[in-house]
Each structure stands twice: as structure tokens, then as C-alpha cells.
Number of protein chains: 2
Amino acid sequence: MAKETKIRNMEEFASASGLSRPTVSKYFNDPHSVRASTRERIEKALQEYDYRPNIYAVNQNRKLTKNIGVVVPYLADPFFAELARNVEQRCIDAGFRPTLYSAHGDPALEVEILESLRLLKPAGVLMAPLGRGSDRRAVEKFCADVPTVLFDSDIPDLGLGFIGSDNAQFARLIVDYLSRTGEPPCFFEMKKPVNPNANKRRQGYIAAVEALGLTPNVVSVDGEGWSFEQIGREGGAKALAEGAFSTRSVLCSNDRLAIGFLAACYEADLSVGMKDSDAIRVSGMDDHPFSRFTCPPLTTIAQDYDSISRYAVEALFHVIEGADTKRSRALFEGRLIMRQSA
Amino acid sequence: MAKETKIRNMEEFASASGLSRPTVSKYFNDPHSVRASTRERIEKALQEYDYRPNIYAVNQNRKLTKNIGVVVPYLADPFFAELARNVEQRCIDAGFRPTLYSAHGDPALEVEILESLRLLKPAGVLMAPLGRGSDRRAVEKFCADVPTVLFDSDIPDLGLGFIGSDNAQFARLIVDYLSRTGEPPCFFEMKKPVNPNANKRRQGYIAAVEALGLTPNVVSVDGEGWSFEQIGREGGAKALAEGAFSTRSVLCSNDRLAIGFLAACYEADLSVGMKDSDAIRVSGMDDHPFSRFTCPPLTTIAQDYDSISRYAVEALFHVIEGADTKRSRALFEGRLIMRQSA
DNA sequence: TGAAAAACTTATCGCGCGTAAATTTTTGAT
DNA sequence: ATCAAAAATTTACGCGCGATAAGTTTTTCA
């Protein structure tokens, strides 16, 4: 369908469609800002010639680009990959160009990403920070220049909003379930968790157990970084060997830790499940994409991916459109996913 | 450290450092193209003022940008996340700006990515195609305009090179091992695999088994898309129920399928492992990041991430520098990872 | 010490587009 | 049909930088 004559710029395309360049420019900024008859002429010309505006020239002159930066802490975790996919799609639907970055667990890389993101002059940024490892000062400086909404992991008072999960509710939900159907759970976590969610979950666990008039039992294991499964397996093996768990029910701080802990149970020849003959019950939190395929399938709390991504994007767009000024904040409840592990 | 006076453009930065703009421009294109003393003056000025060239203005005028597109088929698979991380880091080290895109298993999205990538005028693109689902015509058209190197999954004769794994060798390696240590394996796969690697693996399996004077047994199950674990579990349960496997050893076409198959074995109450008391041995291919945490840990073939990413990037840079013309092609051998599942 | 080579400066153009201000066309109520 | 207001369009200018030519200064090295 495309004609021989190559269109080199908007000028040529404008004359090819019998209009002036600024009119065509207006069209590309907002197709509905030109008269219907004009719009039809342009779109007819677009069929014949496959012209697209040069994004570099466009972005050089526009005060605000249509770029959205999406930053996640660790893309090798499918949880973040899924979250990022959700968020990206919503940005595209809203007519923006999302670009995905992963800090790969490295604080220095996170700072580099912000620096290179600044050069892109994005309309806004959706950032799931590393958490404890994040360079607060660097993030703060970035947020001062670029409209940024945090998600998944909060850095208090930073950015224009935070959207995440109600970790205390997560803990209540599963503690109640586990206590109702058997022994109350012990809590299994990393001693130095990478992000604040882990702390909120521990506090939620303790509060929920105490609310039932029981005594909490928190088992914290060594290990740093983002190799949660590894840490869960090694720490789990050690804790099991030491008899650290006061009950036969273990609530892991997150699913990846639980996956590692399941491996430790397997190695220790402990059958996992909710039957009387089973040695231990194991549960996690997050509804990690792989948790339904563990042996046994993992009982967990599902994060509300959909609401989190939707609200995060909406919050950002509110800010971009200059609607709000006060920092928004929303926490979403989780849903109990009952599987065979507990 | 940064001074009060904000630098707005290269002109101002040049005079602030006591040089002319063209000289500063030369520096940013290649720091070693200016005299050492000049370089020092610029770098000293860079310490005081945090000026960076406007990338939109730069890319508008440069014939070739420093952008590299990285396209993977399914980012929720940690295997691709890891591969992408490798590739990205190498691009950064070479002074380029990689941007990561995932087709999320969707052929239409893959085409969209290529179209939006074309607007970025990248110096080159590293692409792991969807495979069977890829729009050959669209990819071909893209490759004609942008230097592209394929990796992981080949589309014959497309792009300027392909870097991947020697799937036949993968199959030989593990068939020999499994046959040597017990019954020869059956081959478990999807009837309609998403990419050509699966076919190469099946062929390699058949050839390897026949070379041992044995009879191959291929079990192909229904299911489309990228939910391999799901397909492995459902197809595996069905195949096990039907007694489709002629031996007590199963080689899965890839680790994700194997993870699903392990779940099916668990549900069927079949103990997996290499002990005499175990009912079945299961193995996979890829050394998926999670395969060491399955129950039992999965015996598999490790892809040579490092070599694949290194060669893919190198091949692309050769092309960018205008060195080669002929399509390069390299296949890397896998390494047997012996774990407890087989 | 001096000439060639290298590096730098000045001057100018062009890239492809956004955008304010000026002008034209269209709309809608009389 | 008329005319002012609203909408659409055109004119004119600027964005920040790459690239190049011609002239000037600095460095290199015999």
C-alpha cells in the first residue's frame, strides 16, 4: 500500500496530505484536536505513506515526553515481571511509552537507572524500590525532579504516592486460617529482609497470634541479597535441625522463601501437608507464579496484582495531569489461596 | 558540589569550561579524541556542573544512536530475565544504552515492539524471537532496516546471526547419562512447542536413543502458549494415567515442563528420584533458576548463559562496526547438572 | 629552532519538530 | 443573510546539538 515516494519528515507528509505542518503536528499530539474532516485526510494519508514522527525531534521540543519509566528491583523474580507487565500495558493503553528497568538487586544500579531515566525526561516514573538497599538520598533527589509513584515497597515520605499491599492483613488472614485448621504457625523470615514489607508481615504475624491469645514464635535466619530460595533452604535446614519451630506449622515471610523451605523439608524427609500423617504445614505469601507448582502446592496469600498496578498507574496519571498535590497512599488486601501445603 | 548556575546546554557548559562547543561535542562523542589536558578541563567542569548532553538533540543529529534493543519472548520466565540481564550488562559495558522489551508470549505485541523499536533508530537489536508464533514477514522487514542478531531461538536465514544452544548435544548428553545409570528415558514434550529448540531436542533425543540401539518413546501432550508448568502438570497427569511412558525415566523437553511434570508425579503419589525405591526419574533441560529448588532438585542440562550472551553481543558489535557481512552462527554446548531427580 | 602536524576556535548550516502569535475559516445565534 | 466568537490553520521562530569549512593556536619532533 505504501507509495514509492518516501516521506522524510512532517513537512513532506503535511503537503502530501494537503495540509500545513503545524496542523499535522496538532493531530499527532491529539487526533481530536483537529476537525473531523481534517482528521480523515490525515488518516487517509497515513494509509498510503507509513510516516511516523521522529520521536527525538518530538521529545526535544515537547516540555513533557510521553515516556514512563518503570523500575523494579529484581526482574528475575517472576512476581515483578508480572507486575511490570500489568503496569506497562496500562501505560500503553493510556498512550504512553513505558520503559522497563531492573536494578537486579544492586543499589548502585538502581541509582544509575534513575540517572539515565532523568535524561529521558519522562512524564512520570513508577518505581518499586529495592527497599532497604535503596539510596534514599538519590531517590529523594530524583523524585524532586520527576513525578514518581512508588509501588510494592514503600520509602516513607518519598515520591508522590505509594501503592502496595496491606501486609498486616495478609498476616492476619493466614494466621487465622492456620490457627483455625491446626496448630498456629511459627514465622520464618530473613534476619535482614531486603524491604519493609517483611517487617510489616512479621509485626502483623505477631499481632495476629497475640490477638488469639497465643505466643508468637519468629525464626529469623541469616543470609542477604535476593536469593530467597537459597536462603530459605539453607536457613530452613538449619532451623529444622535445631528444632527452632515450636509448632508443626510454618508461615514463611514470602513464597520464594517458602519454596526454599519446602526444599529443606524435602531434604529433611519431612512430609509437608495438612493431613494428620504429614510432619509439617508450610505456607507463604505473594502467590508467586510458581507456588502452585511446588510439591505440595503452596498455600499462600495472593497479592492483588490488578488493583495495585491499576491504582499505581492511576495515581501517577493524576499527578501528571496536575490534579493532586498530597501524597496518595493505598494498600490492598490479599486473598487466601488454599492449596495442599497447609 | 554542583554550582548555582544551571547549565542549560552544551554552549553554556563549553564556556564554563573555557572551551568551544565543537570541542566539547567531540569529547562527548569520544573522550579520547581530544587532548589529555582538554579532557581534564572538561572532566573538572563536569564535577562542578552536572551537565549531560540532551539525548534527544544528540540522537536527532547522529546518524546512529547508541541504543540497543533487547527483545525477549516471555519475561515472566526467569530464564529470559537472566539472559537479558547478561546481555544488557555487556551492552552497558560497551558504552551502549540497552532497552528491554518482552513480547509476553504475544505475536502481535512482538510486532508492535519491533515497530516502536524502529522509531528509536537503534544501533542494533538483540532478539530472542517467540519462535513459531513470530511473524516472519514482520521480523524480516525489520531486520532489513536494523542490524539484528537473533539468540536463543532461531528463525532460519533471518537477521545477521544466530547464537544459541546445541540442542542435539543437550539431548545426547542427558540420554547417555540416563541410559548409563538406569533405564533409557522417554521424551516428554508439548505437541505444539512454541519454538524450534523443542523440535531439535526431540530429534536429538531420538538420534541419541537409536545410537544406543534402543527404541525412542516420545510422549507429546496438548496445550499451547507459554504456561509450560501448567501444561506439564496436566499433560503429565494424563500421560501417567494412561501409562504412556514405556520406561521409568522421563526426559522433559525443558525445565518448566519438568517442574509441571514433577507436580503431576506428586499428585499421582509417585516418588521421584534415582533410588531403587523411587517410582520414576525425571529430568529437564535449561537449568532453570528454580530447578535446583524443586522436590527433588531437578537433574538437567545447563545452558551456557555466559557464552551465549557474550557471543550474541559480540556478533552484533561486529556487524555494527561493519566488519562482517555473512550471517554468523554459533551453538554452545550444555553441561550436565546432576541432581536428585534422575 | 622551525616547519609540519595536530588540536582548537569561529562561523554557519541543518536536523525535525513544538508552539506562540497572526490569520483564515467555520460556527451559531440573531 | 449577518456578524461576532470560536475553531482551525498558517506564519515565523526557536530548541540543542552534529557536522563541516576555514582560520588560528598549540604541540611535536627532527
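Chain letters run A, B, ... following the sequence lines, proteins first, then strands; residues in each count from 1.
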Polar atom pairs between nucleotides 6-16 of chain D and protein, under 3.5 Å, N or O only, would you list them?
residue : atom : partner : partner atom : Å
D:dA8   : O3'  : A:R35   : NH2          : 3.2
D:dT9   : OP1  : A:T38   : OG1          : 2.2
D:dT10  : OP2  : A:S20   : N            : 2.8
D:dT10  : OP2  : A:S20   : OG           : 2.2
D:dT10  : OP2  : A:T23   : OG1          : 3.3
D:dC15  : O2   : A:N61   : OD1          : 2.4
D:dG16  : O4'  : A:Q60   : NE2          : 3.1
D:dG16  : N2   : B:N61   : ND2          : 3.0
D:dG16  : N3   : A:Q60   : NE2          : 3.0

- prompt: For the pair made of NZ in A:K66 and P in C:dG18, what is the distance, rounded to whole Å?
  reply: 12 Å
query: Closer than 4.0 Å, any side-chain N/O of B:N29 to the OP1 or OP2 of D:dA19?
result: yes
message: Can you measure A:E12 atom CD to C:dC17 atom C1' for me and round it to whole angstrom units?
response: 14 Å
- line: In whole angstroms, the gap separating P of D:dG18 from CG of B:D30 amounts to 13 Å
- request: Identify whether the distance between the nearest side-chain nitrogen and carboxylate oxygen of B:K141 and B:D135 falls below 4.0 Å.
  value: no
query: For the residue pair B:Y311 and B:F332, is the inter-centroid distance of their aromatic rings smaller than 6.0 Å?
result: yes
- prompt: Donor-acceptor pair, A:R39 side chain versus A:V34 backbone, under 3.5 Å?
  reply: yes
- line: Rounded to the nearest 0.5 angstrom, the CD1-CZ distance for B:I68 and B:R90 is 14.0 Å
- prompt: Among B:Q89, B:E82, B:E88, which residue meets the side chain to side chain donor-acceptor pair (under 3.5 Å) test with B:R85?
  reply: B:E82
- prompt: How long is the line joining CZ of B:R62 and P of C:dG16, in whole Å?
  reply: 16 Å
message: How many whole angstroms separate atom CZ of B:R39 from atom P of C:dA7?
response: 11 Å
statement: Per side chain to side chain contact (heavy atoms under 4.5 Å, CB included), A:L126 is matched among A:V149, A:L100, A:V72 by A:V149
query: What is the distance from CD1 of B:I55 to P of D:dG18, rounded to the nearest Å?
result: 12 Å
field: Contact under 4.0 Å: A:S25 side-chain N or O vs C:dG18 OP1/OP2
entry: yes
query: Once you round it to whole Å, what is the distance between P of D:dG18 and CZ of B:F13?
result: 13 Å
